[in-house]
> 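First the structure, then my questions, so here it is.
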There are 2 protein chains.
Amino acid sequence: MIRLTKQADYGILLMTQFARAGMGAVFSASDLASRSGLSLPMVNKTLKLLSRAGLLSSQRGVNGGYQMSRDAGAITLEEVIAAVDGPIALTECHEHGAGNDCGISSHCPTRLNWGIINDALRDSLAGITLLQMIRPFLGAKSLPARERVA
Amino acid sequence: MIRLTKQADYGILLMTQFARAGMGAVFSASDLASRSGLSLPMVNKTLKLLSRAGLLSSQRGVNGGYQMSRDAGAITLEEVIAAVDGPIALTECHEHGAGNDCGISSHCPTRLNWGIINDALRDSLAGITLLQMIRPFLGAKSLPARERVA
DNA sequence: TCCATACAGAACCATTTCGGTTCTATTTTA
DNA sequence: TAAAATAGAACCGAAATGGTTCTGTATGGA
Ligand code: FES
Ligand code: FES
């Protein structure tokens, strides 16, 4: 169903908590678990992924925690989703990198088009920052102009 | 990874076969299996779904088969995907219809925005017809203007 | 010093979904 | 009436997902 995984959704939810608190705010995993209503293990797991991807920086030990490593306006949905779920690829053939043959590529007349559609989706998500996510697109029925698929 | 299921991909592949042959062309499941390189059972299964959704009309019995029930220019990717995989919904909360609570909705400040993003994706796919799919967007690095996310 | 706090990393498991096959009707026509 | 062809559903193994648990390491304070 072209569905985002739950964990990716959690990732965005967590990142928005940081975004709302503003640059420099530090939260521990347990802080975020209670704030978000998610289970602590899941929060831990997800924060680690976000940290590994460089979206959060971490501090161990007493009074440690996580904070945004960039401003909320400089972090996009595409990055968050890729950090948690891996690269965005509607079909297997369009994953950048490894053995990307879906098995039917020799008969598939639409591969090039899929690539373009895939890029359009990725660009669309790459055009939306956390800063924009924390405020509803007031009254909008569509994405703001500069966020349109290019 | 925001991935299309293989079966939805197969559905598009099969529909493009009809589109290339033009309105009125009739194919049996076994015809399409050999043409597409997919297994017969899988082709059967997928064609049934496309037929149930009204994109193909079927004729049983000897010399029967399937044909497009509309012109290729009037069938969109969104319809094909929805026919095979169900409605397009990036997160559970945005499925039209049944119990669409993802469990974290009370803490989720981004629900409205997701709805908009989701609609943008759906509209994007709804703007691409089979007729367009069977010819590469020649030289294009992005979708044609009228297919842009609205 | 030493312990509690908090992240890092990986293994682990149950459940669901997915990809694919098989079986049994029902319709149609030669 | 037999063969061709779709309709529908059940079925199964494999993979992905969601979620937990365990071990290790760094930090800072009592
Ligand atoms: S989907 Fe793989 S080549 Fe068409
Ligand atoms: S994802 Fe369900 S409400 Fe935000």
Side-chain angles (χ1 to χ4, degrees), chain A residues 1-11 13-14 18 26-34 36-69 81 83-87 89-92 95 102-104, chain B residues 1-11 13-14 18 26-34 36-67 69 81 83-86 89-92 95 102-104:
Chain A
M1 314 80 173
I2 309 194
R3 166 140 325 150
L4 212 58
T5 64
K6 280 194 180 185
Q7 206 187 356
D9 200 10
Y10 297 165
L13 179 55
L14 292 172
F18 285 98
V26 174
F27 294 109
S28 71
S30 44
D31 284 346
L32 289 166
S34 49
S36 65
L38 302 176
S39 76
L40 179 56
M42 219 49 220
V43 170
N44 260 305
K45 190 178 186 175
T46 308
L47 288 174
K48 281 176 221 171
L49 290 172
L50 294 168
S51 177
R52 261 185 246 176
L55 301 180
L56 297 176
S57 51
S58 61
Q59 174 65 27
R60 297 204 213 190
V62 180
N63 295 326
Y66 296 90
Q67 63 180 312
M68 282 192 292
S69 49
I81 294 171
V84 176
D85 268 357
L90 281 179
T91 68
E92 290 180 24
E95 284 187 63
C102 66
I104 63 171
Chain B
M1 313 84 172
I2 310 196
R3 166 144 321 154
L4 211 57
T5 64
K6 280 194 178 184
Q7 205 186 357
D9 201 9
Y10 297 164
L13 180 54
L14 292 172
F18 286 98
V26 174
F27 294 110
S28 71
S30 44
D31 284 345
L32 289 166
S34 49
S36 65
L38 303 177
S39 75
L40 179 56
M42 218 48 219
V43 170
N44 261 305
K45 189 179 185 174
T46 308
L47 288 174
K48 283 176 219 173
L49 291 171
L50 295 169
S51 177
R52 261 184 247 176
L55 302 180
L56 296 175
S57 51
S58 62
Q59 175 65 27
R60 298 203 215 189
V62 179
N63 294 326
Y66 297 89
Q67 63 179 311
S69 50
I81 293 170
V84 176
D85 268 356
L90 281 178
T91 68
E92 291 181 22
E95 284 189 62
C102 67
I104 62 171

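Chain identifiers are assigned alphabetically (A, B, ...) following the order of the sequence lines, protein sequences preceding nucleic acid strands; residue numbering begins at 1 within each chain.
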> Which of these nucleotides, C:dG20, D:dA7, D:dT27, is closest to any side-chain atom of B:Lys6?
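Given the options C:dG20, D:dA7, D:dT27, the side chain of B:Lys6 is closest to C:dG20.
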> Hey, does the side chain of A:Ser28 come within less than 4.0 Å of C:dT5's phosphate (OP1/OP2), counting only N and O?
no
> So, OP1 or OP2 of D:dG28: does either fall under 4.0 Å of a side-chain N or O from A:Gln59?
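Yes, such a contact exists.
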> Describe the nucleic acid contact of B:Ser39 in one word from base, sugar-phosphate, nothing, applying a heavy-atom distance below 4.0 Å.
sugar-phosphate
> Please state how far atom CG in B:Asp85 lies from atom C1' in C:dC18, giving the value in whole angstrom units.
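Interatomic distance, CG of B:Asp85 to C1' of C:dC18: 10 Å.
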> Atom CG in A:Leu56, atom CZ in A:Phe27: separation rounded to 0.5 Å?
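One gets 11.0 Å once the value is rounded to the nearest 0.5 Å.
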> For A:Arg52 and C:dG9, is the shortest distance between a side-chain N/O and OP1 or OP2 below 4.0 Å?
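Checking C:dG9 against A:Arg52, a side-chain N or O does come within under 4.0 Å of OP1 or OP2.
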> On the nucleotide D:dT17, are OP1 or OP2 found under 4.0 Å from the side-chain N or O atoms that A:Tyr10 carries?
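Looking at the OP1 and OP2 atoms of D:dT17, neither is under 4.0 Å from any side-chain N or O of A:Tyr10.
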> What's the CG-P distance between B:Asn44 and C:dG19, to the nearest Å?
17 Å
> Can you tell me how far apart CE (B:Met42) and CG (B:Leu14) are? Round to the nearest 0.5 Å.
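With rounding to 0.5 Å, CE (B:Met42) is 10.0 Å from CG (B:Leu14).
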> Taking only N and O in the side chain of B:Ser51, is any of them less than 4.0 Å away from OP1 or OP2 of D:dA7?
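It does, given that an N or O in the side chain of B:Ser51 lies less than 4.0 Å from OP1 or OP2 of D:dA7.
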> Mapping B:Lys45 and B:Ala29 onto DNA chain D by nearest heavy atom, which one lands closer to the 5' end?
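Of the two residues, B:Ala29 wins.
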> Start at the 5' end of DNA chain D and walk down; is the nucleotide closest to A:Leu40 or to A:Asn63 reached first?
A:Leu40
> Can you find a donor-acceptor N/O pair under 3.5 angstrom joining the side chain of B:Lys48 to the base of D:dG8?
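When only heavy-atom distances are counted, B:Lys48 does reach the base of D:dG8 through a donor-acceptor pair under 3.5 Å.
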> Nearest to the side chain of A:Met42, which nucleotide is it out of D:dG18, D:dG28, C:dT28?
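So the nucleotide nearest the side chain must be D:dG18.
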> Return the value, rounded to whole Å, for the distance between atom CZ of B:Phe27 and atom C1' of D:dT6.
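Value for this atom pair: 17 Å.
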> Below the 4.0 Å mark, does C:dT17 have OP1 or OP2 next to a side-chain nitrogen or oxygen of B:Thr5?
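No, no such contact exists.
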> So which atom in A:Gly54 and which in A:Ser69 form the shortest heavy-atom distance, rounded to 0.1 Å?
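Shortest heavy-atom separation between A:Gly54 and A:Ser69 comes out as O-OG, 2.5 Å.
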> Over all heavy atoms of both residues, which pair between A:Ser28 and A:Gly64 is shortest? Give the atoms and the distance, please.
CB-O, 4.3 Å
> With a 4.0 Å cut-off on heavy atoms, is B:Ser30 in touch with a base, just the backbone sugar-phosphate, or nothing at all?
nothing
> Output the distance between atom CG (A:Leu55) and atom CG (A:Leu47), rounded to the nearest 0.5 Å.
11.0 Å
> Using atom CD1 of B:Ile81 as one end and atom C1' of C:dC18 as the other, report the distance to the nearest whole Å.
17 Å
> CG of A:Leu56 versus P of C:dA6: gap in Å, rounded?
17 Å
> Taking atom P of D:dG19 as reference, at what distance in whole Å does atom CG of A:Asp9 sit?
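In whole Å, D:dG19 P and A:Asp9 CG are 11 Å from each other.
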> Could you tell me the separation between the CZ atom of B:Arg60 and the C1' atom of C:dT26, rounded to a whole number of Å?
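The answer, rounded to whole Å, is 5 Å.
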> C:dA6 C1' sits how many Å from A:Leu47 CG, rounded?
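Atom-to-atom, A:Leu47 to C:dA6, this comes out as 12 Å.
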> Enter the distance from B:Thr46:OG1 to B:Lys6:NZ here, rounded to the nearest 0.5 Å.
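Going from the OG1 atom of B:Thr46 to the NZ atom of B:Lys6 covers 12.5 Å.
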